[in-house]
Amino acid sequence: MRARPIEPGRTYKITRRCNERRMFFAPTLATGTKPEDISNFVGYCLAHAATRFGIQVHACVFMSNHHHTDVTDPGGKLIEFKQLFHSMLARGINALRGRFDAVWSRDRACDTRRAQDDETLADLVYTITNPVAAG
């Protein structure tokens with residue numbers, strides 16, 4: 001796979017799936033988690049990583065087994081942001097579930113760089129409406 005250049009000031013859509021498409025981000029009665037527990041944890045991880053690397057978050061939707069996040073990267077720190085964000089999420093979800101295995105799929109993550117504002121707007125609409133479209 002060819003590496004994509006990360007350029008400061010560009011807008012990206014990040015999509016990542018859970019391992020085996022398992023529903024790690026769904027609340028469960030077995031662990032006593034409520035939807036707001038998961039939402040608060042995801043929000044904390046996103047805000048922490050974005051603040052640390054100066055990432056501007058435009059939209060983020062977590063479904064039970066994947067997420068879509070639209071960001072602008074003013075400083076060219078997208079790789080560092082994703083590493084921190086995804087590793088914090090994985091460690092927290094594993095602790096919540098009492099497990100130690102991989103949370104994220106080994107398939108390559110999908111990061112799309114957007115060149116034009118109309119593509120960025122289309123991505124935002126997709127991100128925000130994806131839960132409805134998926135039922």
Side-chain angles (χ1 to χ4, degrees):
M1 170 163 69
R2 290 181 58 193
R4 294 185 186 138
I6 301 298
E7 300 172 5
R10 298 303 289 263
T11 300
Y12 298 89
K13 176 179 213 49
I14 303 164
T15 300
R16 190 135 192 215
R17 292 198 176 278
C18 291
N19 194 24
E20 300 173 349
R21 297 187 182 209
R22 294 179 63 186
M23 296 189 185
F24 291 133
F25 291 96
T28 63
L29 294 175
T31 60
T33 57
K34 300 178 289 252
E36 58 269 20
D37 295 337
I38 301 292
S39 296
N40 289 337
F41 175 65
V42 168
Y44 172 80
C45 293
L46 180 62
H48 176 72
T51 300
R52 183 166 180 186
F53 295 107
I55 299 293
Q56 299 167 352
V57 179
H58 305 297
C60 182
V61 171
F62 263 75
M63 301 199 32
S64 297
N65 64 358
H66 71 284
H67 80 89
H68 301 287
T69 304
D70 298 283
V71 301
T72 296
D73 179 14
K77 300 288 186 183
L78 184 70
I79 302 301
E80 294 91 337
F81 161 75
K82 290 189 322 175
Q83 191 279 328
L84 179 62
F85 180 45
H86 289 138
S87 67
M88 287 176 63
L89 286 168
R91 289 187 302 236
I93 289 298
N94 273 341
L96 179 68
R97 305 277 187 237
R99 55 187 310 279
F100 299 95
D101 292 331
V103 168
W104 301 111
S105 173
R106 298 197 192 280
D107 294 340
R108 66 184 176 111
C110 180
D111 301 331
T112 309
R113 183 179 66 204
R114 291 315 198 189
Q116 300 173 356
D117 288 341
D118 59 337
E119 292 175 320
T120 301
L121 179 60
D123 278 346
L124 287 171
V125 170
Y126 176 84
T127 296
I128 293 168
T129 61
N130 186 250
V132 175

Do the side chains of [Y] and [X] get nearer than 4.5 Å, heavy atoms only?
X: L84; Y: F53; result: yes
X: L46; Y: F85; result: yes
X: D73; Y: R10; result: no
X: F24; Y: L89; result: no
X: Q56; Y: T11; result: no

For the student: nearest non-hydrogen atoms of [X] and [Y], plus distance:
X: A50; Y: V57; value: CB-CG2, 3.9 Å
X: G54; Y: P74; value: O-CD, 3.2 Å
X: A90; Y: W104; value: CB-NE1, 3.8 Å
X: S64; Y: C18; value: O-SG, 4.3 Å
X: T69; Y: H67; value: OG1-ND1, 2.8 Å

So if you build clusters from Ile, Leu, Val, Met, Phe, Trp, Tyr with side-chain heavy-atom gaps below 4.5 Å, do M23 and V42 land together?
no
Measure the [atom1]-[atom2] distance between [X] and [Y] for me, rounded to the nearest 0.5 Å.
X: R17; Y: R22; atom1: CZ; atom2: CZ; value: 15.5 Å
X: R21; Y: H66; atom1: CZ; atom2: NE2; value: 9.0 Å
X: K13; Y: D70; atom1: NZ; atom2: CG; value: 3.5 Å
X: I6; Y: L78; atom1: CD1; atom2: CG; value: 4.5 Å
X: F81; Y: Y12; atom1: CZ; atom2: OH; value: 12.5 Å

So, the side chain of [X] versus the backbone of [Y]: is there a donor-acceptor pair under 3.5 Å, distance only?
X: T51; Y: H48; result: no
X: H86; Y: K82; result: yes
X: N19; Y: R106; result: no

Hey, which of I93, N94, D101 is the one that makes side chain to side chain contact (heavy atoms under 4.5 Å, CB included) with R97?
I93
Would you check if there is a donor-acceptor pair between the side chains of T72 and H58 at a distance under 3.5 Å?
yes
Take atom CZ in R99; do more than 12 heavy atoms of anything else shown fall under 6.0 Å from it?
yes
